[in-house]
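Both backbone and side-chain heavy atoms feed into the values below; hydrogens, waters and symmetry mates do not.
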Amino acid sequence: MLSYRSGTRTHALIWAIQFFLLCQISAGTVYDKESGRLLSEEEMMELMTNGNPAFEPQMDKYGRATTFLIDTSNPYAQVSMRDISRRPQVGDIVPTFVMNSITGDRLDLEELSGSFVILHYQLTANPPIFNQSRFEAFDAQVTALKKSIPLESITIFQSGQREIESALEPGQYQNQIVPDGRGFAMRYQIVDYPSFILIDQQGRLRGYYGGSEWEKLKSALGKD
C-alpha cells in the first residue's frame, strides 16, 4: 500500500500539488481561516511578496479548488494537504460529488440515492503500483454484488485519461473509471492507495477502508 505520509517521493508530490494549486489562487478566493474574512487583493499581494503562503485548498463537488483558507497569524507555516480528522464520520451525510467518467458518464452522488456507492481510489494506472489482476478481481466481485444489491462502484485514478487507456479498456468493466481525480482524493482526505469509501443508500458514510480491507467492506454491505 502506498501512503502520502512517507518517503522522498511523497514530499516531492505534495510540493507539486501545492504549486499546482498556487497557480489557480487569485483575489476573491482566499479567506482567513479563523474569522472567515475574505482577504483583499492588497493583503494577497503582501503575502505573496513576503514568502510562500500556506494556502489550504477547499475542494468543491467537482473536485476543483475554488476557495482557499490561510492562517493569517502564521501564513507561512506548512500545512497538511490531507488531514484525516476532516473526514466525515460514520453515519454522516457524505459531501456530494459530480464526476465525469472516462467513457463520458456523469456521476452525481445525489442522483445515485437508493444505491450503495463504493469510491475506489487508485494512485496510478502504471505497474508496479497498479496491479491489473487485482483490479479485475475486484471488478468481478462488484459484478457479482450488483446482482443482489443496488450498487455503483467508481474507481478514481490520479492518472490522466491517456495513461489509463494505455493500461486498461475502461468500457469492459462494471466499475466506472474517473481520470484526473486528485481533487476528489483531496476532498475526501484520501491518504493511502488503494483504498475505499463506502456510502449507503441514503448518502451516509459507512466507512473508509484500506486496500486490504475488501472483506470488511463487504461485511458492511451485508455480503460476507
Subject >> Glu111 (side chain) donor-acceptor with Asp108 (main chain) under 3.5 angstrom >> reply: no
**OP:** Please tell me if the side chains of Phe184 and Leu119 come closer than 4.5 Å, counting only heavy atoms from C-beta onward.
**Re:** no
Original post:
Of all heavy-atom pairs between Met186 and Pro57, which one has the smallest distance, and what is that distance?
Top reply: CE-CG, 3.5 Å
Original post:
Is the count of non-hydrogen atoms from other residues, nucleotides or ligands lying under 6.0 Å from Glu169 atom CD greater than 12?
Top reply: no
Subject >> Sub-4.5 Å side-chain heavy-atom contact between Ile197 and Leu205 >> reply: yes
**OP:** Quick one: do Lys146 and Gln141 satisfy side-chain contact (heavy atoms from CB on, under 4.5 Å)? Show the steps, please.
**Re:** CA-CA 9 Å; Lys146 282 187 169 186; Gln141 293 202 50; over 6 Å; no
**OP:** Carefully, step by step, assess Arg206 and Val90 under the rule side-chain contact (heavy atoms from CB on, under 4.5 Å).
**Re:** CA-CA 5 Å; Arg206 280 286 178 94; Val90 171; 5.9 Å; no
Subject >> Contact summary for Ile70 and Pro53, nearest pair of heavy atoms >> reply: CD1-CB, 3.6 Å
Original post:
When clusters are formed by joining ILVMFWY residues with side-chain heavy atoms under 4.5 Å apart, either directly or through shared neighbours, do Tyr62 and Val178 land in the same one?
Top reply: no
Subject >> Path from Met44 to Leu69 over hydrophobic side-chain contacts below 4.5 Å >> reply: no
Subject >> Leu107 side, atom CG; Ser101 side, atom OG - distance, nearest 0.5 Å >> reply: 5.5 Å
Original post:
Between the side chain of Asn131 and the main-chain N/O of Ser133, is any donor-acceptor distance below 3.5 Å?
Top reply: yes
Original post:
How about Lys33: does its NZ atom have over 12 heavy atoms from other parts shown lying under 6.0 Å from it?
Top reply: no
**OP:** Compute whether any side-chain donor of one residue and acceptor of the other, for Asp32 and Ser35, lie under 3.5 angstrom apart.
**Re:** yes
Original post:
Rounded to the nearest 0.5 Å, what separation is found between the CG atom of Asp139 and the CD atom of Gln174?
Top reply: 6.5 Å
Original post:
Is the count of non-hydrogen atoms from other residues, nucleotides or ligands lying under 6.0 Å from Glu46 atom CD greater than 12?
Top reply: no
Subject >> Beyond-backbone contact of Phe138 with Ser153, side-chain heavy atoms, under 4.5 angstrom >> reply: yes
Original post:
Does the ring center of Phe135 lie less than 6.0 Å from the ring center of Tyr173?
Top reply: yes
Subject >> Common cluster, Phe157/Val98, ILVMFWY with side-chain heavy-atom separation under 4.5 Å >> reply: no
Original post:
Mind checking whether Leu198 and Trp214 sit in one hydrophobic cluster, side chains of I, L, V, M, F, W, Y counted as touching below 4.5 Å?
Top reply: yes
Original post:
Does Arg106 use its side chain to pair, donor to acceptor, with the backbone of Asn100 at less than 3.5 Å?
Top reply: no
**OP:** To the nearest 0.5 angstrom, please state how far the CG atom of Leu39 sits from the CE atom of Met45.
**Re:** 13.5 Å
Subject >> Gap between atom CZ of Arg187 and atom CZ of Arg64 - 0.5 Å precision >> reply: 11.5 Å
Subject >> Candidates Tyr121, Phe196, Tyr188 - the one meeting side chain to side chain contact (heavy atoms under 4.5 Å, CB included) with Tyr208 >> reply: Tyr188
Subject >> Over all atoms of both residues, closest heavy-atom pair of Glu43 and Leu38 >> reply: OE1-O, 4.4 Å
Original post:
Got more than 12 heavy atoms from elsewhere within 6.0 Å of CZ, Arg134?
Top reply: no
Original post:
What pairs with Thr49 under side chain to side chain donor-acceptor pair (under 3.5 Å), at least two apart in sequence or on another chain?
Top reply: none
**OP:** Could you tell me the separation between the CD atom of Gln122 and the OG atom of Ser195, rounded to the nearest 0.5 Å?
**Re:** 8.5 Å
Original post:
Taking all non-hydrogen atoms of both residues, which atom of Ser113 and which atom of Gln201 are closest, and how far apart?
Top reply: OG-O, 3.7 Å
Subject >> Close side-chain approach of Thr103 to Gln176, heavy-atom, < 4.5 Å >> reply: yes
**OP:** Salt-bridge test for Arg204 and Asp200: reply yes if a basic N is under 4.0 Å from a carboxylate O, no otherwise.
**Re:** no
**OP:** Ignoring hydrogens and angles, state whether a donor on the side chain of Thr124 or Glu163 is under 3.5 Å from an acceptor on the partner side chain.
**Re:** yes
Original post:
With side chains defined as the heavy atoms from C-beta onward, is the minimum distance between Thr29 and Thr66 less than 4.5 Å?
Top reply: no
Subject >> pair Ile154-Met99: side-chain heavy atoms closer than 4.5 Å >> reply: yes
Subject >> Spacing of OG1 belonging to Thr96 relative to CD belonging to Glu110, to within rounding of 0.5 Å >> reply: 4.0 Å
**OP:** Taking all heavy atoms of Ser73 and all of Asp71, pick out the closest pair and write down the distance.
**Re:** OG-OD1, 2.5 Å
Original post:
So, Asp180 and Arg182, do they make that salt bridge, N to O below 4.0 Å?
Top reply: no
Subject >> Non-hydrogen atoms of Ile164 and Ser159 that approach each other most closely >> reply: CD1-O, 3.7 Å
**OP:** Output, in order, the C-alpha distance, side-chain angles, deciding distance and verdict of side-chain contact (heavy atoms from CB on, under 4.5 Å) for Ile118 and Leu151.
**Re:** CA-CA 8 Å; Ile118 296 172; Leu151 174 66; 3.9 Å; yes
**OP:** Determine whether Leu47 and Tyr31 fall in the same hydrophobic cluster, where Ile, Leu, Val, Met, Phe, Trp and Tyr are linked whenever their side-chain heavy atoms lie under 4.5 Å apart.
**Re:** no
Original post:
Residues two or more places apart in sequence or in another chain: which of them pass salt bridge (Lys or Arg N to Asp or Glu O under 4.0 Å) with Glu41?
Top reply: none
Subject >> Chi angles and distances behind the side-chain contact (heavy atoms from CB on, under 4.5 Å) call for Phe68, Glu56 >> reply: CA-CA 5 Å; Phe68 304 82; Glu56 296 181 42; over 6 Å; no
